[in-house]
Enquirer: 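Just dropping this structure here.
Positions are given from 1, in the same order as the sequence printed here. Just so it is clear, the structure is predicted and the values come from calculations on it, not from any experiment. One-based numbering, in listed order, for ligands and for the atoms of each.
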Amino acid sequence: MSETIRVMLPEDELDKRITELGEQISKDYEGESVFLCIILKGAAFFGCELAKRITVPVTIDFMATSSYGSGTVSTGEVQIKKDLDLPIEGKNVIIVEDIIDSGHTLNFLSKVFKDRKAKSIRMCTMLDKPDRREVDVDVDYTGFTIPDAFVVGYGLDYDQKYRNLPYIGVVELD
Ligand code: IMP
Ligand code: MG
């Protein structure tokens, strides 16, 4: 089976929106610093672009969680595959995700982080697919709300492909 990719969000729109998010975060944390916890691999591109646009002091760390394997449907089970290198105690943590689908990943992470005594915890996602939500999550910063479609690019993959596309596209199976 092969697939084609239809552009949903071009690079300039993503760029503009990430700049707005960076400005908003810089304003909200004025006089403080932020600890960006970027969730691998999907949020790597978005998280680094966002970090470049934040003007308050930024610390960056990465965490990897289990994802869908090679399919497009969530299993609902989340595991930490790679933990943060740094402690978050006393920090203003922003968890940076690529996309919220069922909500299981962020729901799980918010529980994990609560036990680590951060000063504050907020969630930031590049994309949100609210139609697919199975558990409630409180998101503080959202790039774009999109309809229910499987998307790739800007870090997001389909079977480990297409992460390097500079835009967000919809996968159409031929
Ligand atoms: P959730 O736990 O169901 O909210 O899903 C979160 C994770 O599933 C994301 O971090 C992505 O890695 C993956 N995911 C969900 N929807 C998509 C999609 O449309 N394209 C690529 N990956 C997706
Ligand atoms: Mg994935």
Enquirer: With a 3.5 Å cut-off and sequence neighbours excluded, list the donor-acceptor pairs that the side chains of residues 29-39 form with protein atoms.
Expert:
unit_1: Glu32; atom_1: OE1; unit_2: Asn92; atom_2: ND2; d: 2.8
unit_1: Glu32; atom_1: OE1; unit_2: Lys119; atom_2: NZ; d: 3.0

Enquirer: How does Ala149 reach ligand 1, if at all, at less than 4.0 Å between non-hydrogen atoms: by side chain, backbone, both, or neither?
Expert: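 Only the backbone of Ala149 comes within reach of ligand 1.
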Enquirer: May I ask which of Ile99, Ile168, Val171, Asp157 has a heavy atom nearer to atom 14 (N) of ligand 1 than the others do?
Expert: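 Closest candidate by heavy-atom distance is Ile99.
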Enquirer: Let me check something: do Val135 and Phe113 share a hydrophobic cluster, defined by ILVMFWY side-chain heavy atoms less than 4.5 Å apart, either directly or through other members?
Expert: no
Enquirer: Does only the side chain of Thr105 get under 4.0 Å from ligand 1, or the backbone, or both, or neither? Count heavy atoms.
Expert: both
Enquirer: Looking only at heavy atoms, which two atoms of Leu156 and Asp98 are closest? And how far apart?
Expert: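 What the structure gives for the nearest pair is CD2-OD2, 3.1 Å.
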Enquirer: Does only the side chain of Thr65 get under 4.0 Å from ligand 1, or the backbone, or both, or neither? Count heavy atoms.
Expert: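 Near ligand 1, Thr65 shows nothing, with every heavy atom at 4.0 Å or more.
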Enquirer: Could you tell me whether a side-chain N or O of Asp140 sits under 3.5 Å from a main-chain N or O of Arg122, the two making a donor and an acceptor?
Expert: no
Enquirer: Mark yes or no for whether Ser102, through its side chain, and His104, through its backbone, hold a donor-acceptor pair below 3.5 Å.
Expert: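 Confirmed, Ser102 side chain pairs with His104 backbone.
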Enquirer: Using a 4.0 Å heavy-atom cut-off, which part of Leu156 comes near ligand 1: side chain, backbone, both, or neither?
Expert: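 The part of Leu156 near ligand 1 is the side chain, not the backbone.
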Enquirer: Nearest non-hydrogen contact with atom 16 (N) of ligand 1 belongs to which option: Lys129, Arg133, Arg163?
Expert: Lys129
Enquirer: Can you tell me if Val152 contacts ligand 1 (heavy atom of the residue under 4.0 Å from the ligand)?
Expert: no
Enquirer: Dump the intermediate steps for side chain to side chain contact (heavy atoms under 4.5 Å, CB included) on Tyr158 and Phe150, then the final yes or no.
Expert: CA-CA 8 Å; Tyr158 173 63; Phe150 197 81; 3.8 Å; yes
Enquirer: For the backbone of Gly22 and the side chain of Arg53, can you confirm whether one donor and one acceptor N or O come within less than 3.5 Å of each other?
Expert: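 Judged by distance alone, no pair lies under 3.5 Å.
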Enquirer: Report the part of Glu134 in contact with ligand 1, treating N, CA, C, O as backbone and CB onward as side chain, heavy atoms under 4.0 Å; options are side chain, backbone, both, neither.
Expert: neither
Enquirer: Do any nitrogen or oxygen atoms of Ile100 lie less than 3.5 angstrom from nitrogen or oxygen atoms of ligand 1?
Expert: no
Enquirer: Check this for me: does any side-chain nitrogen of one of Glu89 and Lys117 sit under 4.0 Å from a carboxylate oxygen of the other?
Expert: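 Answer for the salt bridge query: no.
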Enquirer: Measuring from the heavy atoms of Gly103, does anything fall under 4.0 Å of ligand 1?
Expert: yes
Enquirer: Give the contacting part of Glu97 toward ligand 1: side chain, backbone, both or neither, where contact means a heavy-atom distance below 4.0 Å.
Expert: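 Side chain only.
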